[in-house]
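Naming convention: chains lettered A, B, ... in sequence-line order (proteins, then strands); numbering from 1 in each chain.
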Protein chains: 2
Amino acid sequence: MAAAYDLDRTLSALADPTRRRVVDLLTERPRRAGEIAETFGMSRPAMSRHLRVLRTHGLVEEKRDTADARARVYRLRPEPIDELSTWIGEVQRFWDDQLESFRQLADKKNREKSRTRKTMKTMKTMKKRTGR
Amino acid sequence: MAAAYDLDRTLSALADPTRRRVVDLLTERPRRAGEIAETFGMSRPAMSRHLRVLRTHGLVEEKRDTADARARVYRLRPEPIDELSTWIGEVQRFWDDQLESFRQLADKKNREKSRTRKTMKTMKTMKKRTGR
DNA sequence: TTAATAGTTAACTTGACCGTTAACTACTGG
DNA sequence: CCAGTAGTTAACGGTCAAGTTAACTATTAA
């Protein structure tokens, strides 16, 4: 099981727009470092450092090209993304729990009093929310 | 539909460990600013700025306490989290597509040649991956 | 009205991050 | 060998973000 520490590192790696777009690019297929730098019109040293951050934070892995040992090929690692996904799921679930508590409170009030316009509006918001 | 720009803002907001933990705290229930600052043993001005970042980036919303108008109550907004969740899902899906292509390539090779130990190892990795 | 409370804003300092150029390593191919 | 290519590391400058203390606004309550 991964620690929250890793999650923070994943988020800090993805906080830079360039790095987030590199992740997007690598979902398509693995690519060489120079190819990635060129895609974003950035100097190779700059991209090299971004790739190092992504690598040391576990989001990508690097391998030498079998055909040309000068080239380094970067590919995504799924683990950090999966961990982030798990955290997101937890946040969404707890949020839904709050909604449920609120719904029960609203229902209770509805039983005690009569329905008001404001309560109806609230119910509408809840319904919209379920479409996630 | 939300732009990728918002996604970058969401990620930059969550990149700070303190802010990410504030989000965790607020999944439980809305809280007052001072309560949040105290929870993390941080000065109120410092937390106030974190809360401002979370608010301007759409992750939380602020309301005055109905009982005490001095207090400001912060609660989570689900939209940025949902958008992030969507992006994560796309990354995971594309990654699975790569796996599928790789699997097909491996199968083709298996048909042409005989099975090798390395291929078996690859199959094992794939199976492990499906447990998401 | 006045002291206290809740919170934000302002001013300042410190530390980290991003991009560039230059220098370096390692491999390729003639 | 040697010139060229792929990529990283080093050094530098500029910008931005985070925390602290002090000052300010607004509200409460005596």
Side-chain angles (χ1 to χ4, degrees), chain A residues 4-5 8-26 29-76, chain B residues 4-5 7-26 29-76 80:
Chain A
Y5 178 69
D8 287 337
R9 287 175 61 80
T10 299
L11 285 167
S12 72
L14 293 176
D16 183 272
T18 298
R19 287 196 293 265
R20 196 191 63 73
R21 281 161 179 77
V22 168
V23 169
D24 268 338
L25 185 69
L26 292 182
R29 59 180 167 82
R31 290 178 194 259
R32 290 154 58 129
E35 195 181 351
I36 300 171
E38 194 180 1
T39 299
F40 296 100
M42 183 175 292
S43 70
R44 291 204 261 205
M47 185 54 74
S48 180
R49 279 194 21 201
H50 281 307
L51 291 171
R52 182 170 58 181
V53 171
L54 288 172
R55 182 166 45 77
T56 59
H57 292 208
L59 279 90
V60 304
E61 62 187 7
E62 175 220 279
K63 279 182 191 160
R64 297 296 178 121
D65 190 324
T66 51
D68 183 351
R70 286 173 302 179
R72 311 199 180 184
V73 179
Y74 288 88
R75 73 170 62 231
L76 279 182
Chain B
Y5 178 70
L7 186 54
D8 286 337
R9 287 174 61 80
T10 299
L11 285 166
S12 72
L14 293 175
D16 183 274
T18 298
R19 288 196 293 265
R20 195 191 64 74
R21 280 163 181 75
V22 169
V23 169
D24 268 338
L25 185 69
L26 292 182
R29 59 180 167 81
R31 289 176 195 258
R32 291 154 56 128
E35 196 182 351
I36 300 171
E38 194 180 1
T39 299
F40 296 102
M42 183 175 292
S43 70
R44 291 205 262 201
M47 184 55 74
S48 180
R49 278 188 34 191
H50 280 307
L51 291 171
R52 183 171 57 181
V53 170
L54 288 172
R55 181 167 46 76
T56 60
H57 292 208
L59 278 91
V60 303
E61 62 187 6
E62 175 221 280
K63 279 183 190 160
R64 297 295 179 123
D65 190 325
T66 52
D68 183 350
R70 288 174 300 181
R72 311 199 179 184
V73 179
Y74 287 88
R75 76 170 61 232
L76 279 183

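- The two residues B:Asp68 and B:Asp65 come nearest to each other via the heavy atoms O-CB, 3.2 Å.
- Contact of the B:Ser12 side chain with the B:His57 side chain is registered, since non-hydrogen atoms from C-beta on lie closer than 4.5 Å.
- The CZ atom of B:Arg44 sits 10 Å away from the P atom of C:dT5 (whole-angstrom rounding).
- Nearest approach of B:Leu11 to A:Leu14, heavy atoms of both residues: CD1-O, 3.6 Å.
- Residues of residues 52-68 of chain A that place a heavy atom closer than 4.0 Å to DNA chain D, in numerical order, are A:Arg52.
- Contact annotation: the side chain of A:Tyr74 never approaches that of A:Val22 to less than 4.5 Å [non-hydrogen atoms, C-beta and beyond].
- Applying the side-chain hydrogen bond (donor to acceptor under 3.5 Å, both in side chains) test to A:Arg72 and every residue at least two apart in sequence or in another chain returns nothing.
- Nearest-nucleotide positions on DNA chain C place A:Met47 closer to the 5' end than the other of A:Ala69 and A:Met47.
- For B:Arg9, the salt bridge (charged side-chain N to carboxylate O under 4.0 Å, His left out) test picks out no residue, with sequence neighbours left out.
- Scanning DNA chain D 5' to 3' for nucleotides with an atom closer than 4.0 angstrom to a non-hydrogen atom of chain A gives a first and last hit of D:dG4 to D:dA11.
- Nearest approach of B:Ala69 to B:Arg64, heavy atoms of both residues: O-NH1, 2.9 Å.
- Within 4.0 Å of A:Met42, counting heavy atoms only, lie sugar-phosphate atoms of the nucleic acid but no base atom.
- The phosphate of C:dG7 has neither OP1 nor OP2 within less than 4.0 Å of any side-chain N or O from B:Ser48.
- What separates CZ of A:Arg19 from C1' of C:dA16 is a distance of 12 Å, to the nearest Å.
- Residues A:Pro30 and A:Val73 come closest through the heavy atom pair CB-CG1, 3.8 Å.
- Residues from residues 32-41 of chain B that place a heavy atom under 4.0 Å from any atom of DNA chain C, listed by number: B:Arg32, B:Ala33, B:Gly34.
- For A:Glu38, the CD atom sits in a loose shell: 12 or fewer heavy atoms of surrounding residues, nucleotides or ligands are nearer than 6.0 Å.
- Look at CZ on B:Arg70: it is 16 Å from P on C:dA3, rounded to the nearest Å.
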Please table the atom pairs, donor to acceptor, closer than 3.5 Å between any side-chain atom in residues 41-55 of chain A and protein atoms at least two apart or in another chain.
| residue | atom | partner | partner atom | Å |
| --- | --- | --- | --- | --- |
| A:Ser43 | OG | A:Ala46 | N | 3.4 |
| A:His50 | ND1 | A:Arg19 | NH1 | 3.1 |

